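Predicted, not measured: the structure shown is a model, and the values here were computed from it. Numbered from 1 within each chain, the chains take letters A, B, ... in sequence-line order. The analysis underlying the following values was restricted to heavy atoms, covering all of them including side chains, and did not include hydrogens, waters or symmetry mates.
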2 protein chains.
Amino acid sequence: MSATREIDALIDMMARLPGLGPRSARRAVLHMIRKRSLLMTPLADLMQKVAASARECLNCGNIGTGDICDICASEKRANGMICVVEDVADLWALERSGVFKGRYHVLGGTLSALDQIGPEQLRIPRLIDRVESEGVTEVILALNATVDGQTTAHYIADQLEDRVALTSLAQGVPIGGELDYLDDGTITAALNARRKV
Amino acid sequence: MSATREIDALIDMMARLPGLGPRSARRAVLHMIRKRSLLMTPLADLMQKVAASARECLNCGNIGTGDICDICASEKRANGMICVVEDVADLWALERSGVFKGRYHVLGGTLSALDQIGPEQLRIPRLIDRVESEGVTEVILALNATVDGQTTAHYIADQLEDRVALTSLAQGVPIGGELDYLDDGTITAALNARRKV
């Protein structure tokens with residue numbers, strides 16, 4: 001490599017971002033160097049700002065800039081409904097759909113005996129506290145349809161079943177999905193949950 | 001989107017890097033936020049440093065931190081041979097192979113009548129100056145095997161043919177390449193340039 005030590009170090013560090021490898025990191029760094037004032041400096045400034053201000057909401061685990069995130073602080077969101085997700089990325093995906101107007105609870109992962117991740121590591125006690133203190137009537141378990149996600153959903157359901165209504169996301173054919181390309185599990189789920197036209 | 005304004009702005013800006021789209025930018029930003037002190041802050045620092053120090057070498061167009069890049073300044077590199085490339089990324093690719101020990105000249109693109117890019121925009125006059133002032137005996141045209149790249153190579157060859165030996169990279173089957181997967185052009189070139197075993 002013929003670039004300077006700093007540029008090499010920058011490429012190495014960019015290559016540690018998910019979705020980037022050494023080749024795409026080199027391309028990204030060259031692109032940034034070409035657009036130093038328009039892209040690289042503002043991007044670095046923003047990263048410094050976000051690194052200094054971003055933190056997890058003490059209430060729900062969402063990422064925001066204060067101790068309490070915008071969603072928990074908002075008076076426009078409905079109380080009484082909590083949507084439980086594994087990860088902040090899942091929360092963002094749900095927010096993009098714009099349909100859910102209640103509150104969230106971000107677990108920060110799934111239960112895993114192998115990785116020694118128990119309920120304490122996942123904000124599950126905090127969820128149980130919230131159900132009692134916030135007068136929650138429905139908990140939506142929006143966990144991923146993976147083995148770990150469903151194990152975690154079952155565990156939470158066990159803890160909460162006598163206290164609130166528990167729901168989970170519907171399973172079936174995705175919008176625009178072609179049957180020919182769907183896996184057997186999805187087709188089975190869609191058939192079992194078939195409904196009247 | 002439920003993230004704060006700054007995080008949204010950071011995602012938008014990351015999505016402008018080549019190879020990243022909105023989805024991968026979100027993943028990268030979440031990953032950085034989780035590793036604020038280990039990744040995000042050092043990355044932002046490095047970007048600031050590189051943005052402040054990186055500049056194009058006045059002699060060859062390579063990217064370095066001074067007015068003259070490390071390769072042009074090095075006394076270990078052979079004088080008398082200049083390898084002409086389109087782009088800094090090509091220079092880096094050649095340097096990774098470690099085979100070439102001469103100097104480079106980065107054009108910064110290819111001739112293009114459509115985009116109004118003529119020889120003046122491409123450091124071609126500077127190349128002709130260098131050939132005369134640096135006592136160059138061989139110019140290797142390592143331009144991409146695209147139409148624009150080859151047009152540019154022909155133009156440079158026309159300008160320099162009486163003054164130095166001109167060579168270009170060999171064309172043929174890439175190492176590890178399977179004939180079945182090669183395009184017709186490559187197979188034709190490899191056949192025409194066949195050599196005795």
Checked A:Arg55, A:Glu56, A:Lys49 vs chain B; the most non-hydrogen pairs under 4.5 Å come from A:Lys49

For a quick check under 3.5 Å, do B:Arg103 and B:Asn59 share a side-chain donor-acceptor pair by atom type? no

I'd like to know which of A:Gly19, A:Ala54, A:Ala93 tops the heavy-atom pair count under 4.5 Å against chain B. A:Ala54

Engaged part of A:Met32 at the chain B interface, taking heavy atoms whose separation is under 4.5 Å: side chain

Looking at B:Val50 and A:Ile7, what are the two nearest heavy atoms and their distance? CG1-CG1, 4.0 Å

Would a 4.5 Å heavy-atom cut-off, applied to side chains only, mark B:His105 and B:Cys83 as touching? no

Between B:Leu17 and A:Ala28, the two heavy atoms sitting closest are CD2-O, 4.3 Å

Does any backbone or side-chain atom of A:Leu94 lie under 4.5 Å from a heavy atom of chain B? Answer side chain, backbone, both or neither. neither

Could you name each residue pair satisfying side chain to side chain donor-acceptor pair (under 3.5 Å) that touches residues 30-45 of chain B, not counting sequence neighbours? A:Gln48-B:Asp45, A:Asp87-B:Arg34

Chain B contact via A:Leu43 - which portion, at a heavy-atom distance below 4.5 Å: both

